Amino acid sequence: NRTLVPVRFVSEALGAEVEWKSGLQRVDISHEGKGIKLTIGQKQAQVDADVVALDTQAAITNSRTMVPLRFVSECLGATVEWKGDTKEILIESAGYTSDAALIDSDLALATPPPGDNQYNVNLIACVSYGYNVEVEPQLTDLQKLLEKRFGNRADPVMEYIRLKDGTNTFLEMKDWIIDGKLIRVDDAVGEVTVQIWN
């Protein structure tokens, strides 16, 4: 009753590095200073200096190292939710979870995990200008997200976005470089999109 996945699939999708130690029958996962060691056939793992008991063990299936999905994901700072009705698992990276905690409006948000991010996108946020959607709460939340990353250096970006007055004003696409990151504001029918690249 536990979900096991290929170690590289989950670890690299969440931005971690994976190393297989064949002589030890062990997989080492490292991410932002944290180390996880899982040995094939053992119901325990080492997380940094601590030994943690597991309710299942890492295994080799069809020449692939399979590890407990929830344990590895949560060790890497992600949240895991099992949707029993559809038999789906929702994994939200630590970056997405911390960004989503700032949102109290209809602002649409995407924070791609590092390993599943070929274009190196840091954030995508969309402000909707639909007739039944309040814009100001979305702008407030967007400002919180930009301030989290750039402090008040992102004020010119917000000033530009606030020039849009309802659905009749169109903003030309505009770019900024702040702290080495590209920030692009793009206007489309019914929404303004802010994208940040690492």
Side-chain angles (χ1 to χ4, degrees), residues 10-17 29-36 47-48 70 72-81 83 89-198:
V10 64
S11 302
E12 292 178 354
L14 292 170
E17 294 181 3
I29 304 166
S30 57
H31 179 61
E32 296 181 355
K34 176 172 274 190
I36 305 165
V47 180
D48 294 330
R70 182 178 295 275
V72 171
S73 299
E74 290 179 349
C75 279
L76 296 175
T79 59
V80 179
E81 180 185 352
K83 296 185 173 287
I89 299 169
L90 175 65
I91 303 171
E92 293 181 345
S93 68
Y96 178 86
T97 302
S98 69
D99 284 341
L102 298 175
I103 305 299
D104 296 315
S105 68
D106 292 314
L107 182 71
L109 175 68
T111 306
D116 187 25
N117 191 0
Q118 66 180 2
Y119 300 110
N120 210 15
V121 175
N122 179 276
L123 175 76
I124 302 170
C126 297
V127 179
S128 174
Y129 286 81
Y131 292 108
N132 297 322
V133 181
E134 291 186 61
V135 173
E136 191 54 42
Q138 295 178 77
L139 294 176
T140 299
D141 287 344
L142 177 59
Q143 185 158 1
K144 287 187 245 177
L145 291 170
L146 293 175
E147 285 177 351
K148 173 184 166 189
R149 287 165 170 77
F150 306 110
N152 62 5
R153 294 182 306 284
D155 287 351
V157 179
M158 286 306 304
E159 288 169 12
Y160 183 68
I161 294 169
R162 287 183 183 279
L163 293 175
K164 185 170 181 74
D165 184 18
T167 57
N168 297 325
T169 309
F170 181 79
L171 299 177
E172 296 290 331
M173 185 175 70
K174 190 167 180 178
D175 292 344
W176 291 260
I177 302 288
I178 303 176
D179 296 343
K181 297 186 188 315
L182 171 66
I183 304 171
R184 173 168 291 161
V185 172
D186 198 8
D187 198 343
V189 177
E191 70 179 25
V192 169
T193 301
V194 178
Q195 296 180 72
I196 302 172
W197 284 273
N198 289 318

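Values below: every heavy atom of this structure, side chains too, minus hydrogens, waters and symmetry copies. Computed from a prediction, not measured in an experiment: that's the story for all the values here.
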NZ/NE/NH1/NH2 to OD/OE distance under 4.0 Å, [X] and [Y]:
| X | Y | result |
| --- | --- | --- |
| D48 | K34 | no |
| D99 | K148 | yes |
| K83 | E81 | yes |

Any side-chain heavy-atom pair of N122 and R149 under 4.5 Å
yes

Counting N and O atoms only, with roles assigned by atom type, does the side chain of K174 sit under 3.5 Å from a partner on the main chain of V185, one being a donor and the other an acceptor?
no

To the closest 0.5 Å, what do you measure between [atom1] ([X]) and [atom2] ([Y])?
| X | Y | atom1 | atom2 | answer |
| --- | --- | --- | --- | --- |
| L145 | I103 | CG | CD1 | 4.0 Å |
| K181 | I196 | NZ | CD1 | 8.5 Å |
| S128 | D106 | OG | CG | 7.0 Å |
| Q195 | D186 | CD | CG | 7.0 Å |
| E147 | L102 | CD | CG | 10.0 Å |

Closest approach of [X] and [Y], non-hydrogen atoms and distance?
| X | Y | result |
| --- | --- | --- |
| A154 | I178 | CA-CD1, 4.0 Å |
| H31 | L76 | CB-CD2, 3.5 Å |
| D187 | F170 | OD2-CA, 3.3 Å |
| V80 | R70 | O-NH1, 3.1 Å |
| R153 | F150 | CZ-O, 3.1 Å |
| E172 | Y160 | O-OH, 2.6 Å |

Counterpart residues, side chain to side chain donor-acceptor pair (under 3.5 Å), relative to E136 (two or more places apart)
R162

Which residues pass the side chain to side chain donor-acceptor pair (under 3.5 Å) test with D141, sequence neighbours left out?
S105, K144

Residue that, paired with L142, satisfies side-chain contact (heavy atoms from CB on, under 4.5 Å) out of V157, V192, V127:
V127

Residues, nucleotides or ligands: over 12 heavy atoms within 6.0 Å of E74 CD:
yes

Does a donor on one side chain sit under 3.5 Å from an acceptor on the other, for Q138 and E134?
no

Under the side-chain contact (heavy atoms from CB on, under 4.5 Å) rule, what do V194 and L123 come out as? Steps first, then yes or no, please.
CA-CA 8 Å; V194 178; L123 175 76; 5.7 Å; no

Output all residues satisfying salt bridge (charged side-chain N to carboxylate O under 4.0 Å, His left out) with D175, sequence neighbours left out; order by chain, then residue number.
R184

